[in-house]
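Heads up, the thing below is written out as structure tokens.
Computed from a predicted structure; not experimentally measured. Reckoned from all heavy atoms, side chains included, excluding hydrogens, waters and symmetry mates.
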Amino acid sequence: MSREKEENAAELKIGDEFLKAKCLTNCEVALILERKMSDDPLNHQVSQVFEKSLQYVKRFSRYKNPDVDAVRQVLSRYQLAEFELCVLGNLCPETVEEAIAMVPSIKTKLEGQTMMKLY
């Protein structure tokens, strides 16, 4: 069986390496990149890739620094995989149905639940 047939994100079959990996929301990445820039104030020349990455995650971040932990805390109540948590944290669905449409693998975890508004 080929690797493509084995993997299915809708069923959370995404490979052991990815399931074990620590995923980050856009806001968390923005915080890390901003901290990296502030840690080295003499380095005024950042790469174009670094700058564009920072612009991207800032643009698509729904939360600010203090809210990041609260988002993770609320979503962790649902016993989500790291991948699922970050996708939902980045996309901010308003209903359970919308969340399941975005991340089908969470269907059994969220059935009968109501989503708390996070933003």
Side-chain angles (χ1 to χ4, degrees):
M1 199 176 342
S2 76
R3 184 178 188 120
E4 290 176 12
K5 291 181 182 177
E6 292 175 13
E7 294 179 357
N8 182 346
E11 297 174 8
L12 202 59
K13 294 181 181 176
I14 53 179
D16 288 339
E17 310 86 31
F18 197 66
L19 279 174
K20 294 175 185 175
K22 174 73 172 168
C23 298
L24 300 172
T25 63
N26 290 334
C27 185
E28 291 167 320
V29 173
L31 291 170
I32 290 168
L33 295 179
E34 287 173 337
R35 195 169 299 139
K36 173 78 173 147
M37 284 181 66
S38 67
D39 285 349
D40 191 7
L42 299 177
N43 185 9
H44 299 290
Q45 294 181 339
V46 294
S47 74
Q48 187 175 16
V49 172
F50 184 96
E51 184 61 38
K52 290 202 179 272
S53 298
L54 180 57
Q55 289 173 5
Y56 175 88
V57 293
K58 285 173 96 173
R59 179 176 180 201
F60 291 104
S61 292
R62 296 278 187 123
Y63 315 105
K64 300 299 175 214
N65 190 4
D67 299 333
V68 163
D69 292 332
V71 170
R72 274 198 176 270
Q73 186 176 22
V74 168
L75 289 174
S76 66
R77 293 178 191 160
Y78 299 104
Q79 316 267 305
L80 303 172
E82 191 73 17
F83 161 77
E84 297 166 328
L85 186 145
C86 285
V87 170
L88 295 177
N90 282 335
L91 298 177
C92 304
E94 293 188 21
T95 66
V96 171
E97 293 78 20
E98 188 178 355
I100 292 169
M102 292 175 183
V103 187
S105 62
I106 65 171
K107 184 174 183 174
T108 58
K109 297 173 187 174
L110 293 186
E111 284 181 324
Q113 301 283 329
T114 56
M115 293 292 293
M116 296 181 70
K117 204 142 181 112
L118 300 173
Y119 54 93

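- Residue pairs meeting the ring-ring contact (aromatic ring centres under 6.0 Å, His included) criterion with at least one member in residues 85-107: none, sequence neighbours excluded.
- For Glu51, the side chain to side chain donor-acceptor pair (under 3.5 Å) partners two or more places apart in sequence, or in a different chain, are Gln55.
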N/O donor-acceptor pairs under 3.5 Å from side chains in residues 85-93, not counting sequence neighbours:
{"unit_1": "Asn90", "atom_1": "OD1", "unit_2": "Asn26", "atom_2": "N", "d": "2.7"}
{"unit_1": "Asn90", "atom_1": "ND2", "unit_2": "Cys86", "atom_2": "O", "d": "3.4"}

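- Among residues two or more places apart in sequence or in another chain, the side chain to side chain donor-acceptor pair (under 3.5 Å) test is passed with Glu82 by Lys22, Arg72.
- Side-chain contact between Leu54 and Met37: present, with at least one pair of heavy atoms (C-beta onward) separated by less than 4.5 Å.
- Listed by chain and residue number, nothing satisfies the side chain to side chain donor-acceptor pair (under 3.5 Å) test with Ser61 (two or more places apart in sequence, or in another chain).
- A distance of 12.5 Å separates CG of Asp69 from OH of Tyr63, quoted to the nearest 0.5 Å.
- Heavy atoms only, all atoms of each residue included: Leu80 and Leu75 are closest at CD1-O, 3.6 Å.
- Residues passing the side chain to side chain donor-acceptor pair (under 3.5 Å) test with Lys58 are Glu34, sequence neighbours excluded.
- Checked by atom type and distance alone, the side chain of Glu98 pairs as donor or acceptor with a backbone atom of Glu94 at under 3.5 Å.
- Contact annotation: the side chain of Glu84 never approaches that of Tyr78 to less than 4.5 Å [non-hydrogen atoms, C-beta and beyond].
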